[in-house]
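To start, the structure itself, in structure tokens.
Just so you know, residue 1 is the first one in the sequence shown, and it goes up from there. Hydrogens, waters and symmetry mates are skipped; everything else that's a heavy atom, side chains included, is used.
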Amino acid sequence: MTKIIAINRKHAVIVASFLVICMIGFAGFSLWQNTEARVSKISKIPEIKMLGVTVEPVSIVKDLTYGNVTLKGAQVITTKVFDLVATVQNTTAKKMTNIPVELQVTLIGDDTKKVTSPGTLPTLEPGATARVAFRQIKALGDAMGKSATAGQHLITISIKPNLEGGVEQATEASFRFTVDSTVKVPATVQKQ
């Protein structure tokens, strides 16, 4: 005797759909793992690392109160003209030349008040550090003891790529500070 097996088309479509979804999921998971492996091989350390930024004359960290607004631990610059010095390091094994460095100062809350100052670092040997100085930066606002927003600035230091000079990656560091000429700098800070 011959047995006839009948397959319901609906069940066959469901099983086939399930298998296709499983194969797509497996392929996607494999692709994701391969992409993760390639990304992890790429160095997470920038070619040029920002080691530090200092302000001259020295800035202080202080709680500031303007009316009913308190800024906790605000970095305060007490002069309207200051210098900014960034220390950078070449983290690669290659010599870099003509490295474009840009300083941008923006008054927070007023995008029309923005100053950009370009510069160039002539050369940076492998593993070496260098200081990039931006002199006589004029503040774009002053809180003058009255406004929580009038003196808040954002400084961004950017290192731009220069393939001819050996710089392939862009690097950027930003920090906020408040300019308030009414804040008194403690005598112990002035002597440093």
Side-chain angles (χ1 to χ4, degrees), residues 28-61 71 73-143 149-180 189 192:
F29 183 75
S30 297
L31 180 64
W32 176 72
Q33 281 187 325
N34 289 340
T35 304
E36 282 289 313
R38 274 188 260 130
V39 169
S40 65
K41 288 179 184 176
I42 298 172
S43 175
K44 304 266 185 198
I45 300 173
E47 289 180 326
I48 298 178
K49 187 177 184 180
M50 303 270 185
L51 297 178
V53 177
T54 57
V55 177
E56 298 169 1
V58 69
S59 63
I60 59 173
V61 177
L71 302 174
Q75 184 166 354
V76 183
I77 296 175
T78 60
T79 62
K80 293 183 182 183
V81 178
F82 54 92
D83 297 340
L84 187 84
V85 180
T87 305
V88 297
Q89 180 182 27
N90 180 350
T91 61
T92 68
K94 61 185 175 184
K95 179 179 178 179
M96 297 179 181
T97 57
N98 297 323
I99 304 160
V101 182
E102 180 180 273
L103 172 75
Q104 185 176 53
V105 181
T106 308
L107 187 63
I108 296 173
D110 187 354
D111 290 338
T112 62
K113 291 192 177 182
K114 183 185 294 188
V115 175
T116 302
S117 177
T120 303
L121 189 58
T123 186
L124 195 56
E125 296 291 332
T129 59
R131 292 175 47 137
V132 181
F134 293 93
R135 303 284 181 202
Q136 299 297 305
I137 301 167
K138 292 183 174 69
L140 302 175
D142 186 351
T149 57
Q152 289 187 347
H153 291 70
L154 175 68
I155 283 190
T156 304
I157 300 171
S158 303
I159 297 175
K160 306 290 183 179
N162 176 14
L163 298 179
E164 295 83 24
V167 183
E168 297 173 9
Q169 295 178 349
T171 306
E172 185 176 283
S174 298
F175 70 97
R176 294 174 181 247
F177 66 91
T178 300
V179 173
D180 193 333
V189 174
Q192 292 179 356

I'd like to know if the side chain of Glu47 and the backbone of Gln169 have a donor-acceptor N/O pair within less than 3.5 Å. yes
Which pair of heavy atoms, one from Ala139 and one from Val179, lies closest together, and at what distance? CB-CG2, 3.8 Å
Would you indicate whether the side-chain heavy atoms of Val88 and Leu121 approach each other to under 4.5 Å? yes
Rounded to the nearest 0.5 Å, what separates atom CZ in Phe175 from atom CG in Leu84? 5.0 Å
Please report the closest heavy-atom contact between Asn98 and Asn162, naming both atoms and the distance. O-ND2, 2.6 Å
Counting only N and O atoms by type, is there a donor-acceptor contact under 3.5 Å from the side chain of Thr91 to the main-chain atoms of Pro46? yes
CD1/Ile155 to CG/Leu103 distance, rounded to the nearest 0.5 angstrom? 5.5 Å
Val167 to Lys160 - nearest heavy-atom pair and separation: CG1-O, 3.7 Å
Ignoring hydrogens, what is the shortest heavy-atom contact between Pro100 and Pro161? Give both atom names and the distance. CG-O, 4.2 Å
Rounded distance [0.5 Å steps], CZ in Arg176 versus CG in Leu154: 6.0 Å
Side-chain contact test, heavy atoms from C-beta onward, threshold under 4.5 Å: evaluate it for Ile159 versus Met50 and give yes or no. yes
Thr92 side, atom OG1; Lys49 side, atom NZ - distance, nearest 0.5 Å: 13.0 Å
Before you tell me yes or no, could you show the steps for Asp180 and Ile77 under side chain to side chain contact (heavy atoms under 4.5 Å, CB included), namely the whole-Å CA-CA distance, both residues' side-chain angles and the distance that decides it to 0.1 Å? CA-CA 6 Å; Asp180 193 333; Ile77 296 175; over 6 Å; no
Tell me whether Lys94 is salt-bridged to Glu168, with the criterion being a basic N under 4.0 Å from an acidic carboxylate O. yes
Could you walk me through whether Val76 and Val61 satisfy the side chain to side chain contact (heavy atoms under 4.5 Å, CB included) test, starting with their C-alpha distance in whole Å, then the side-chain angles of each, then the deciding distance to 0.1 Å, before giving a yes or no? CA-CA 6 Å; Val76 183; Val61 177; over 6 Å; no
Using the side chain to side chain contact (heavy atoms under 4.5 Å, CB included) rule, take Val101 and Thr120 through it: C-alpha gap first, then chi angles, then the decisive distance, then the call. CA-CA 5 Å; Val101 182; Thr120 303; over 6 Å; no
Measure the spacing between OG1 of Thr54 and CD of Glu56 and express it to the nearest 0.5 Å. 5.0 Å
May I have the step-by-step check of side chain to side chain contact (heavy atoms under 4.5 Å, CB included) for Val115 and Lys138, ending in yes or no? CA-CA 9 Å; Val115 175; Lys138 292 183 174 69; over 6 Å; no
Quick one: pull up OG1 in Thr171 and CD1 in Ile48 and give me the separation to the nearest 0.5 Å. 6.0 Å
So with a 6.0 Å cut-off around NZ of Lys80, is the heavy-atom count from everything else above 12? no
Would you kindly say whether Gln152 and Thr178 are connected by a side-chain donor-acceptor distance under 3.5 Å? no
Sequence neighbours left out, cut at 3.5 Å: what donor-acceptor pairs do the side chains of residues 122-134 make with other protein atoms?
{"residue": "Thr123", "atom": "OG1", "partner": "Met96", "partner atom": "O", "Å": "3.4"}

Donor-acceptor under 3.5 Å (His153 side chain, Leu140 main chain): yes
Could you work out, with salt bridge (Lys or Arg N to Asp or Glu O under 4.0 Å) as the rule, every residue matching Asp83, not counting sequence neighbours? Arg135
Ser158 side chain to Glu172 backbone, donor-acceptor under 3.5 Å: no
